[in-house]
Amino acid sequence: MKHFILSLSLTLSVFVLSVNVGSAASGKQFTLKSPNSKVVVTIEAGKTVEYSVSLDGDELLSKSAISMTLTDGRAFGIDTKIAKSSYKSVNQTIDAVIYKKSKIADNYNELTLKFKGDYGIIFRAYDDGAAYRFISTSTKSFMVENEQAEFNFPADNKAFIAYVNASETLPLEKQYFQSFEQQYSNVKLSEWNRKRLGITPLLVEGMHGKKILITEADLMNYPGMFLYPGKANGLKGVFAPYPKDMHQGGHNELQMLVDSREPFIAKCEGATSFPWRVMIVSGKDSELANSDMVYRLATPSTGDFSWVKPGKVAWDWWNDWNLYNVDFRAGINNDTYKYYIDFASEFGIEYVILDEGWAVNKKADLFQVIPEINLKELADYAASRNVGLILWAGYYAFDRDMERVCRHYSEMGIKGFKVDFMDRDDQLMVDFHRRAAVMGAKYKLMIDFHGTYKPTGLNRTYPNVINFEGVHGLETMKWNGPEHDQVTYDVSIPFIRQVAGPMDYTQGAMRNAGKSNYRPVYSEAMSQGTRCRQLAEYVIFESPLLMLCDNPSNYMAEPECTSFIASVPTVWDETIALNGEVSKYVTITRRKGDVWYVGALTDWDARELTLDLSFLGEGRFKGEIFKDGINADRVARDYKKTTIDIPADRKLKIAMAPGGGYVAKISKY
């Protein structure tokens with residue numbers, strides 16, 4: 001599949017107006033502006049390298065120091081001596097693959113500072129943010145002892161913080177092993193729980209409604225970044241040191257647990273491009289939900305990925321393999337999975353997943369299949385019904401014999417793997433993700449990384465990487481009590497976690513409950529909020545591999561909702577965030593071909609909105625609508641389906657119940 005630049009303009013004369021070079025007391029100063037001049041990055045290089053970021057004249061990031069310390073005594077960004085500075089302006093269009101848009105505008109101004117000592121720093125200014133990365137031009141291998149990545153703010157601003165889910169009784173250096181699934185605390189920076197690390201992306205509020213989102217991109221062979229308080233009103237990057245001693249253990253013996261770590265964070269083989277440190281800025285919250293920054297900054301793919309087929313997948317684990325009105329004992333067996341396959345085939349659902357249980361437990365051996373399962377028979381049966389099979393795999397079981405596993409199951413007709421329980425992002429684990437992507441591509445297998453950190457653009461580099469978890473998804477409703485507010489989290493992640501990329505949230509519950517009726521039930525789980533909320537999440541949440549979490553029996557009892565879910569695309573030609581406010585509500589519209597889908601979610605407040613549908617253009621349009629029923633505040637599964645004419649003035653009024661949702665499929669007459 002092609003990833004060629006459609007247009008590229010190196011407009012040096014225009015760019016000169018956007019870059020100013022001056023002198024400062026401690027070194028040279030550079031001012032880099034975005035193409036629209038609204039985002040300004042100020043860089044000072046002397047004894048240290050510091051930068052700041054402003055939007056429309058409001059400072060969002062104050063002077064923040066950056067450097068890298070190597071184990072051989074050298075340092076990047078300390079006592080700098082500039083050998084050369086260069087700049088360019090780029091205006092191109094990216095042909096996106098398996099994404100929320102088919103084409104992405106990639107327009108930025110770039111400053112490259114090359115220093116004596118075989119290293120440099122690249123800064124970019126976009127209309128919606130800024131980024132920088134270190135580069136090494138060394139021909140020799142070296143090790144990074146630590147990295148200084150400061151994010152200092154002009155005031156004690158509030159932030160949306162997702163702490164690691166490791167116990168706060170553990171010292172910080174023991175918190176690197178965790179699942180990257182936490183809800184947000186909206187508190188001032190000074191109120192950070194200093195017993196906990198924070199995960200990225202992390203959103204910080206600024207003045208005049210502006211916000212800045214901190215994350216990273218193009219993480220390929222380097223540890224991921226945690227955040228922790230640094231200077232007053234500031235945060236600093238924290239990185240897991242390189243693993244030294246490990247042993248097999250953890251969940252069902254499917255993980256490698258780190259016993260000790262080295263006194264450095266990364267090994268580098270010569271010339272290296274380090275991850276982008278990314279600051280996405282917004283004047284209004286909906287702009288965050290529109291961002292393509294992480295995808296833009298990722299390394300483009302170079303191979304043919306036309307064989308990758310996104311779609312929806314019937315899932316077994318959340319519903320605990322519970323079926324009814326059948327003549328066989330439901331469970332992890334061929335009869336049950338043939339029933340799932342038949343269901344998927346009937347509704348046009350592309351895949352069925354065999355989650356944990358098909359391989360013999362606690363062996364970490366994907367060639368030991370339980371006697372109740374005949375995988376070859378199931379793969380052949382699925383193919384005859386035009387359905388593909390995806391297999392769940394624990395991380396260590398997959399990694400220990402990766403090529404033989406991929407070759408064997410690819411030849412059997414398996415379409416991909418859901419790899420789970422990585423629960424780390426040190427350099428070794430980040431490299432595992434790259435290796436799994438490469439091996440999956442070699443054998444034409446899709447990879448869904450569950451139990452992992454947020455995406456950083458690997459899905460652009462290897463489009464067979466179809467999804468990532470790194471989210472507090474619906475699966476947690478099997479055990480979390482009412483104190484866990486999933487409804488508010490749902491209207492927060494489109495502006496925070498989802499900005500980094502797709503997420504394996506696993507929506508689609510047919511058992512729905514309002515705030516007073518919800519309770520965790522492990523084997524017959526329910527969702528918080530209304531039925532229409534679940535339907536709208538298929539539009540709001542980005543996921544090229546969208547799971548249907550409930551069981552086929554429940555879906556077949558609800559054919560109207562199931563048919564709608566089955567009709568929703570999973571990749572799109574266009575995406576527009578219409579409105580929204582972090583933790584309160586969100587409306588997103590997405591187009592596939594000539595059909596638009598509009599989804600809206602609210603928090604626990606009933607809400608009325610007027611949507612501007614002017615993006616539809618000329619013509620007469622009709623909408624297939626699912627909206628909360630009049631009693632949805634009392635009976636969350638209450639909904640109403642109707643067909644409407646889209647108003648000529650393109651102003652559509654909608655209403656949502658507490659914890660509710662709204663979804664429309666809009667097409668031309």
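We number each residue from 1, following the sequence as shown. Computation of the quantities below employed the complete heavy-atom set of this structure, encompassing side-chain atoms and omitting hydrogens, waters and symmetry-equivalent molecules.
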Seminar exercise, completed: Test side chain to side chain donor-acceptor pair (under 3.5 Å), reference Y337, set W358, Y381, W321, output is W321

For this session: State the SG-CZ distance between C532 and F626, to the nearest 0.5 angstrom.
Result: 7.5 Å

Exercise. Looking only at heavy atoms, which two atoms of A166 and R196 are closest? And how far apart?
Worked result: O-NE, 3.4 Å

Exercise. Judged by modelled atom types alone, do N252 and N361 share a side-chain donor-acceptor pair under 3.5 Å?
Worked result: yes

For this session: Assess whether side chain to side chain donor-acceptor pair (under 3.5 Å) is satisfied between N334 and N374, documenting all intermediate values.
Result: CA-CA 7 Å; N334 270 35; N374 183 324; 5.2 Å; no

For this session: Could you tell me if the ring centre of H484 sits under 6.0 Å from that of Y489?
Result: no

Exercise. Between W317 and K478, is there a cation-pi geometry (under 6.0 Å to ring centre, at most 45° from the normal)?
Worked result: yes

Exercise. Quick check: are there more than 12 heavy atoms from other residues, nucleotides or ligands sitting under 6.0 Å from CD1 of I370?
Worked result: yes

Problem set entry | Output field: ring centroids Y505/F541 closer than 6.0 Å | yes

Seminar exercise, completed: Residues P544 and P502: closest non-hydrogen pair is CD-CB, 3.5 Å

Problem set entry | Separation of Y662 OH from T530 OG1 (nearest 0.5 Å) | 13.0 Å

Exercise. Is it true that a side-chain atom of T200 and a backbone atom of L202 form a donor plus acceptor pair closer than 3.5 Å?
Worked result: no

Exercise. In terms of side-chain heavy atoms, does N579 have a donor or acceptor partner in S286 at a distance below 3.5 Å?
Worked result: no

Problem set entry | Reported OG1-to-CG distance for the pair T562 and L535, which is rounded to 0.5 angstrom | 9.0 Å

Exercise. If you measure only the distance, is there a donor-acceptor pair under 3.5 Å linking the side chains of T488 and D603?
Worked result: no

Exercise. Would I496 and L213 count as a side chain to side chain contact (heavy atoms under 4.5 Å, CB included) if you check the C-alpha gap in whole Å, the side-chain angles of each, and the deciding distance to 0.1 Å?
Worked result: CA-CA 7 Å; I496 309 175; L213 184 82; 4.0 Å; yes

Exercise. If you count the non-hydrogen atoms of other residues, nucleotides and ligands that lie under 6.0 Å from CD in E560, is the total more than 12?
Worked result: yes

For this session: Answer with yes or no whether the side chains of D423 and S179 bring together a donor and an acceptor at under 3.5 Å.
Result: no

Exercise. Is the gap between the ring centers of F421 and Y396 under 6.0 Å?
Worked result: no

Problem set entry | Working for side chain to side chain contact (heavy atoms under 4.5 Å, CB included), residues V499 and T215 | CA-CA 9 Å; V499 179; T215 191; over 6 Å; no

Exercise. Which residues pass the ring pair (Phe, Tyr, Trp, His ring centres under 6.0 Å) test with F398, sequence neighbours left out?
Worked result: F417

Problem set entry | Carboxylate-amine/guanidinium proximity below 4.0 Å for E558 and R531 | yes

For this session: Kindly indicate, with the supporting measurements, whether the criterion side chain to side chain contact (heavy atoms under 4.5 Å, CB included) is fulfilled by N319 and C549.
Result: CA-CA 7 Å; N319 57 75; C549 69; 6.0 Å; no

For this session: Tell me, yes or no, whether the heavy-atom count around K454 atom NZ, taken from other residues, nucleotides or ligands under 6.0 Å, exceeds 12.
Result: yes

Problem set entry | Pair D485-K515, salt bridge (charged side-chain N to carboxylate O under 4.0 Å, His left out): steps then yes or no | CA-CA 9 Å; D485 185 353; K515 182 181 285 190; 5.6 Å; no

Problem set entry | Cationic N near anionic O, under 4.0 Å, D292 to K101 | yes

For this session: State the CG-OG1 distance between D316 and T336, to the nearest 0.5 angstrom.
Result: 9.5 Å

For this session: Please list, chain by chain and in numerical order, all residues satisfying salt bridge (Lys or Arg N to Asp or Glu O under 4.0 Å) with E574, sequence neighbours excluded.
Result: R591

For this session: Report yes or no: does Y555 contribute a side-chain atom to a donor-acceptor pair with the main-chain N or O of D550 at less than 3.5 Å?
Result: yes

For this session: Could you verify whether a donor N or O on one side chain and an acceptor N or O on the other, from Y324 and N554, lie under 3.5 Å apart?
Result: yes

Problem set entry | Residues H450, F468; criterion ring-ring contact (aromatic ring centres under 6.0 Å, His included); working and verdict | CA-CA 6 Å; H450 209 68; F468 304 80; over 10 Å; no

Exercise. Heavy-atom count around R634 CZ within 6.0 Å, excluding the residue itself: above 12?
Worked result: no

Exercise. Above 12 or not: heavy atoms from other molecules or residues under 6.0 Å from NZ of K415?
Worked result: no

For this session: Decide if atom NZ of K338 counts as having more than 12 heavy atoms of other residues, nucleotides or ligands within a radius under 6.0 Å.
Result: yes

Exercise. Is atom CG of D335 surrounded by more than 12 heavy atoms (other residues, nucleotides or ligands) closer than 6.0 Å?
Worked result: yes

For this session: State the CG-CG distance between L389 and D380, to the nearest 0.5 angstrom.
Result: 9.5 Å

Exercise. With a 3.5 Å cut-off and no angle check, do the side chains of N480 and Q486 form a donor-acceptor pair?
Worked result: no

For this session: Using a strict cut-off of less than 4.0 Å between a Lys/Arg side-chain nitrogen and an Asp/Glu carboxylate oxygen, indicate whether K363 and E253 qualify as a salt bridge.
Result: no

Problem set entry | side chain to side chain donor-acceptor pair (under 3.5 Å) between N512 and S527, intermediate numbers included | CA-CA 5 Å; N512 318 109; S527 69; 3.1 Å; yes

Problem set entry | Heavy-atom pair of closest approach, residues R590 and I540 | NH2-O, 2.9 Å

For this session: Name all residues meeting the ring pair (Phe, Tyr, Trp, His ring centres under 6.0 Å) criterion together with F160; count only those two or more places apart in sequence or in a different chain, and write none if there are none.
Result: none

For this session: Inspect the contact between D365 and R400 and indicate whether a charged nitrogen and a carboxylate oxygen are less than 4.0 angstrom apart.
Result: no

For this session: Calculate, to the nearest 0.5 Å, the distance between atoms CG and OG belonging to L445 and S410 respectively.
Result: 4.5 Å

Exercise. Is there a donor in the side chain of K584 and an acceptor in the side chain of T602, or the other way round, less than 3.5 Å apart?
Worked result: no

Exercise. Is a donor on one side and an acceptor on the other found under 3.5 Å between the side chain of E350 and the backbone of K312?
Worked result: yes

For this session: Answer yes if the ring centres of Y340 and W315 are under 6.0 angstrom apart, and no otherwise.
Result: no

Seminar exercise, completed: Closest heavy-atom pair, F347 versus P559, reported as atoms and distance to 0.1 Å, is CE2-O, 4.3 Å

For this session: Go through the steps to decide whether L375 and L354 satisfy the test side chain to side chain contact (heavy atoms under 4.5 Å, CB included), and finish with yes or no.
Result: CA-CA 10 Å; L375 275 178; L354 279 69; 3.7 Å; yes

Exercise. Which heavy-atom pair separates M429 from H433 by the least distance, and what is that distance?
Worked result: O-ND1, 2.8 Å

For this session: Apply the test salt bridge (charged side-chain N to carboxylate O under 4.0 Å, His left out) to residues D355 and K418: give CA-CA distance (whole Å), side-chain angles for both, the deciding distance (0.1 Å), then the verdict.
Result: CA-CA 8 Å; D355 212 281; K418 174 184 175 181; 2.9 Å; yes

Problem set entry | Derivation of the side chain to side chain donor-acceptor pair (under 3.5 Å) call for Y176 and D425 | CA-CA 8 Å; Y176 302 122; D425 69 348; over 6 Å; no

Exercise. With a 3.5 Å cut-off and no angle check, do the side chains of W307 and N464 form a donor-acceptor pair?
Worked result: no

For this session: Return yes if some donor-acceptor pair links the side-chain N/O of Y409 with the main-chain N/O of L366 below 3.5 Å, else return no.
Result: yes

